[in-house]
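Single-structure report; data block below.
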Amino acid sequence: MSITLLHLIPKDPHFRLRPLRARLRKLGYDNWFLRRWAVTTSGTSPAQPSLIPGRIGVVSGALCGSDIEDWWGDAMDTATLPDGYFDALAVMMSCCSAQTDLNALDYVEAAGFARYSLVTTDPECELPLPPATVQALEDLLGTDLRQVIARY
């Protein structure tokens, strides 16, 4: 049996959202979003972002498009804190020497770093969410969002 997880994460990995529950209540309790979604944080306190994966596979440089999968593993090891979370995501690309960050790389399916995510299991809607739905949630939460769809 397979499951699908849909995470909505801020595009800014260090974004802090307060107060989340009050903002979500503005959507109304009859909305499927509130009935089906949970808020997860990175660790017990969202002090540092964690990796929210889609299906991590081929990774390419955001500027040059080179396959950087081998380099990416080393860059992730370097950026990982002892507790498994991340702080500094800035990197210099081995392929083109460009300065960027791990959150800006092109993953085979969406992935990103975040302190929290809004997540639902096996959503009863078409994925990815339509732009108008994402825009409404961005307006409500006060940040740009990235959809991360993970299938297991």
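Quick caveat: nothing in here was measured; it's all calculated off a predicted structure.
No side-chain donor-acceptor contact under 3.5 Å links Q147 to the backbone of L8. Not a single donor-acceptor pair under 3.5 Å links the side chain of D122 to the backbone N or O of E124. Judged purely by atom type and a 3.5 angstrom limit, T133 has no side-chain atom pairing as donor or acceptor with the backbone of L129.
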Task: side-chain contact (heavy atoms from CB on, under 4.5 Å) evaluation trace for D67 with S60 - done: CA-CA 5 Å; D67 181 339; S60 60; 5.8 Å; no
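The minimum heavy-atom distance between F15 and P10, with the atom names listed, is CB-CB, 3.9 Å. Heavy-atom minimum distance, L51 versus M76: CD2-CE, 3.7 Å. For the pair R16 and R115, the tightest heavy-atom approach, listed with the atom from each and the gap, is NE-NH1, 2.8 Å. Of all heavy-atom pairs spanning S50 and F86, the tightest one is CA-CD1, 4.1 Å. Between L6 and P123, the closest heavy-atom pair is CB-CG, 4.1 Å. I52 and H7 make their closest contact through CG2-CG, 3.5 Å (heavy atoms, listed as atom of the first residue, atom of the second, distance).
Looking only at side-chain heavy atoms (C-beta outward), D144 and D12 stay at 4.5 Å or farther from each other. When side chains are defined from C-beta on, T4 counts as touching I149, because their heavy atoms get closer than 4.5 Å. Inter-residue side-chain proximity for T143 and E138 is flagged as unmet; no heavy-atom pair is nearer than 4.5 Å. Counting heavy atoms from C-beta outward, L89 and P13 have side chains that approach closer than 4.5 Å.
For the atom pair S66 OG and D106 CG, the distance stands at 11.0 Å (nearest 0.5 Å).
Judged as a side chain to side chain donor-acceptor pair (under 3.5 Å), and not counting sequence neighbours, the contacts of Q135 are D139.
Crowding of D77 atom CG: a count of heavy atoms from other residues, nucleotides or ligands under 6.0 Å exceeding 12.
Below 30°, between 30° and 60°, or above 60°: for Y107 and W72 the angle between ring planes is above 60°, a perpendicular geometry.
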Quick one: side chains of residues 90-103, donor-acceptor pairs under 3.5 Å with protein atoms, not counting sequence neighbours, listed by atom name and distance.
from: D101; atom 1: OD1; to: N103; atom 2: N; distance (Å): 2.7
from: D101; atom 1: OD1; to: A104; atom 2: N; distance (Å): 3.1
from: N103; atom 1: OD1; to: F113; atom 2: N; distance (Å): 2.9
from: N103; atom 1: OD1; to: R146; atom 2: NH1; distance (Å): 3.2
from: N103; atom 1: ND2; to: K11; atom 2: O; distance (Å): 2.9

